[in-house]
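For reference, positions follow the sequence shown, starting with 1. Computation of the quantities below employed the complete heavy-atom set of this structure, encompassing side-chain atoms and omitting hydrogens, waters and symmetry-equivalent molecules.
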Amino acid sequence: MKVLDIFSWLPAKEISLEQLEQIFIDYKFGIYNSEYIVLSELPNNVSEDILTCKNELLKEGKKVTFILKGEKVIAVIGYQE
C-alpha cells in the first residue's frame, strides 16, 4: 500500500500531513486512534470540495479514505494497494 495524496482541511499546526498518513497506515494495520475515525465510504453531509476531491482521486485510479474528527471530515487520502 502506498499513500499518494493527502488533502487536509486543518492547518499544519493542528495536524501534519505525516500524522494524517500515520493515522491511515495504523488503521490499515488494525491500530485505531480514539480521536479520529477512518472511513472507506463517503460520510454523510460532506462539502462539495470533499466530494470533488474524492471524484478526482477515483478518476486517477486511486482508492479513497476519509479521516474524521468527530463528525467532520478533516482529510481525504488517495492511495493504491
message: Please determine whether residues F7 and V46 belong to a single hydrophobic cluster, defined as Ile, Leu, Val, Met, Phe, Trp and Tyr linked transitively by side-chain heavy-atom distances below 4.5 Å.
response: yes
query: What is the ring orientation for Y32 with Y27, classed by angle as parallel under 30°, tilted 30 to 60°, or perpendicular over 60°?
result: perpendicular
Heavy-atom pair with the smallest gap, counting every atom of G70 and I37: O-CD1, 3.8 Å
- request: Could you grab the distance from atom CD1 of I50 to atom NZ of K72, nearest 0.5 Å is fine?
  value: 8.5 Å
- prompt: Going from CZ on F29 to CZ on F24, what distance comes out if it is rounded to the nearest 0.5 angstrom?
  reply: 9.5 Å
field: Side chain to side chain, M1 and I25, heavy atoms closer than 4.5 Å
entry: yes
- prompt: Could you give the distance from OG1 (T65) to CG (L20), rounded to the nearest 0.5 Å?
  reply: 12.5 Å
- prompt: Do V76 and L17 share a hydrophobic cluster, counting only Ile, Leu, Val, Met, Phe, Trp and Tyr and linking them when any side-chain heavy atoms are less than 4.5 Å apart?
  reply: no
- prompt: Do Q19 side-chain atoms and S16 backbone N/O form a donor-acceptor pair below 3.5 Å?
  reply: yes
- request: To the nearest 0.5 angstrom, please state how far the CG atom of L57 sits from the OG1 atom of T52.
  value: 11.0 Å
query: Just how far is it from atom CD1 of I74 to atom CD1 of I23, taken to the nearest 0.5 Å?
result: 6.0 Å
field: From CD (Q80) to NZ (K63), nearest 0.5 Å
entry: 9.5 Å
- prompt: Would a hydrophobic clustering, with Ile, Leu, Val, Met, Phe, Trp and Tyr connected at side-chain separations under 4.5 Å, put W9 with V38?
  reply: no
message: If you apply the rule side-chain contact (heavy atoms from CB on, under 4.5 Å), what do you find for Y79 with L4, and how did you get there?
response: CA-CA 5 Å; Y79 69 101; L4 302 171; 5.6 Å; no
message: Tell me whether V3 shares a hydrophobic cluster with L10, the cluster being built from Ile, Leu, Val, Met, Phe, Trp, Tyr side chains joined at under 4.5 Å.
response: yes
task: Identify the two heavy atoms, one from N33 and one from E35, that lie closest to each other, and give their separation to 0.1 Å.
output: OD1-N, 2.8 Å
message: For residues L39 and I6: do they belong to one hydrophobic cluster (side chain heavy atoms under 4.5 Å, members Ile, Leu, Val, Met, Phe, Trp, Tyr)?
response: no
- prompt: What closest approach, in Å, do K69 and Y36 show between heavy atoms, and which atom pair accounts for it?
  reply: CD-CE2, 3.9 Å
